[in-house]
Asker: 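Before I ask anything, here is the structure I am working with.
Just so you know, ligand 1 is whichever comes first in the structure, and atom 1 is the first atom listed for that ligand. These figures come from a predicted structure and were not determined experimentally.
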Amino acid sequence: MKLSHLALLATVCGAFAACTQNADESAGAHGADLILSNARVYTLGWRDPREDGRLAAGAPHDEGGWHPDAQAVVIRGGEIAYVGTTREALAFRGDATRVVDLAGATVIPGLVDSHTHVFELGAALQRVNLIGVETEAEAIARVVERARSVPAGEWILGHGWDEGAWANHYPDKAALSQAVPEHPVFLASLHGFAGWANQRALDVAGITAATAVPSGGEIRRGADGEPNGLFLNRAVPVIAAAVPPPSPEALAEQLLAGLGKMARDGYVTVHEAGLDTRQMQVLEELEAGGRLPIRVYAMISLRDEDLMRAWIAQGPDRDDDSMLVTRTVKAYYDGALGSRGARLLYDYADKPGHRGVSGGNYGFNEDLMEQAMAAGFQVAIHAIGDAGNRESLDILERIIDKYPQAAAQRHRIEHAQVLHPDDMPRFAELGVIASMEPPHAMEDKSWAEERLGPERIRGAYAWRSLREAGAALTFNADNPGSDHDIFYGLHSAITRQDKNLEPEGGWYPEQALTVDETLRAYTLWSAYAGFREDDTGKLEQGRWADVTVMDIDPFVLTEVSPDDLLNGRILMTIVNGDVVYER
Ligand SMILES: [Zn+2]
């Protein structure tokens, strides 16, 4: 690599008389863009651990535990030019090279979250945050603060005041309308069972004493008989529906806010799970303008049939240089476990006679998905229950039988949350990737066993069982429903404990993965899920310069103090050689 560059340089210089620069100038002209030095570099260049988690020969682990396998990374022209010792790396220094002494920070391949909703994440970040607010006055003060930067007449949205804690003293429109008269304001409660609006919002929505109240809902009234601005339960949509859909400009702001947050949190790529026509337009425009800070692997929504038909006609985009690649379809097969919508093979343990809902009854368009697979698309099917997963695998199997070339398209099941043991080997047989969320196991554990009972729970969130059955895994958080913080994800996957370190010893700890497996599931294996395992996922010369730097060493911490995985912080995020975040 280095040698061939030097050889090429010599040839070029030999051919042109003007080429008389000395060795130092030559280094300047051809020096690195960025050198990360004095770091604890884990390249992930060694082989995958075995299915039971045992390390592969060649992993940098000995009697002393884990140790980094390099000290420095050199970046040039968007690629990794060298990985090795600091001393060798500094030989790449030129006049324009930036050298960062990382003073023992940890460098890993760039993180990939393989199932996100960054538009929603951005929208959530833009709402006035009322989580933890204790008084009406404090909530109003936050809205007033926001109103200073929002043109009059535009909606102000907030979220998070606690309808449970406030139930004995619900707010009304009076003080809010007085403090913020010029903007329609809608403040959703923490769990969505209540909404609080000002008079301007009621006027814009056309809500008066004459407005019909849905059954199961309540529109509170004041002494004058008019709506007082508080909506409960099934009346909340009466006011929420009046909020206009975001303009293209607002959508672009949401996207940039969401991607910016992911960049700050160490991610170099997101797989965005389920995009409609308007969202795709915004993504494509930002990409054309060079404004995407990190890479986006787009999954178009099977529910947007016009968009689907247009893409099926055109075929998947495999654009190699792009920050945006669209070759995947997101399908929705069954509901969620918490609300008992996930489709089960047998009755819910806590609701006899009920097995959830799936397929056509859940709006799944099998024919359209088949057309997409025939046209070369990867499909990513949301499936939660054991029946939902079995039926999804059956459908994939049937379509692959019909179109054998579709077997190589790396189809995925999103969540793969509850599996019958008979279905686990089918992932490997069909080449289907299990796309899973370590945080979900930790957040669902308080009720998942009630839904499933003591037997089926053993096939739920079963990362180790899936690996042992030969399945390829990829990890993600399905944000913003769950926190995408990588340190939370690592801790969940490795310890099977929540943020409060509960339960002691871990929840079904036999399903935990090792640190080596978990980091791969967020890097190399996620790259595989996006057909990029030759371009990224390892720190090696010639690969994309997509790199994440953090202030803890997760390998060593896992062995000496796993609780402290939760305390990590991201220091740098580098995409295509560009530093997109630096603490
Ligand atoms: Zn999702």
Asker: So, of the N/O/S atoms that His115 has, which is the nearest one to the Zn ion (ligand 1)?
Answerer: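 This residue's closest N, O or S atom turns out to be NE2.
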Asker: Is it true that, when you exclude Arg340 itself, more than 12 heavy atoms of the residues, nucleotides or ligands shown sit nearer than 6.0 Å to its CZ?
Answerer: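 Buried by this count: over 12 neighbours within 6.0 Å.
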Asker: Does the side-chain contact (heavy atoms from CB on, under 4.5 Å) test come out yes or no for Glu272 and Tyr297, once each step is laid out?
Answerer: CA-CA 6 Å; Glu272 179 72 353; Tyr297 184 75; over 6 Å; no
Asker: Examine His382 and say whether one of its N/O/S atoms is closer to the Zn ion (ligand 1) than 2.8 Å.
Answerer: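 No, His382 does not qualify, because none of its backbone or side-chain N, O or S atoms lies under 2.8 Å.
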Asker: To 10°, measure the OD1(Asp478)-the Zn ion (ligand 1)-NE2(His117) angle for me.
Answerer: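 About 80°, to the nearest ten degrees.
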Asker: With distance as the sole criterion, is a donor-acceptor pair present between the side chains of Thr474 and Ser435 under 3.5 Å?
Answerer: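 Per modelled atom types, Thr474 and Ser435 side chains form no pair under 3.5 Å.
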Asker: If the threshold is 4.0 Å, N to carboxylate O, is there a salt bridge linking Arg451 and Asp444?
Answerer: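 No, this pair does not count.
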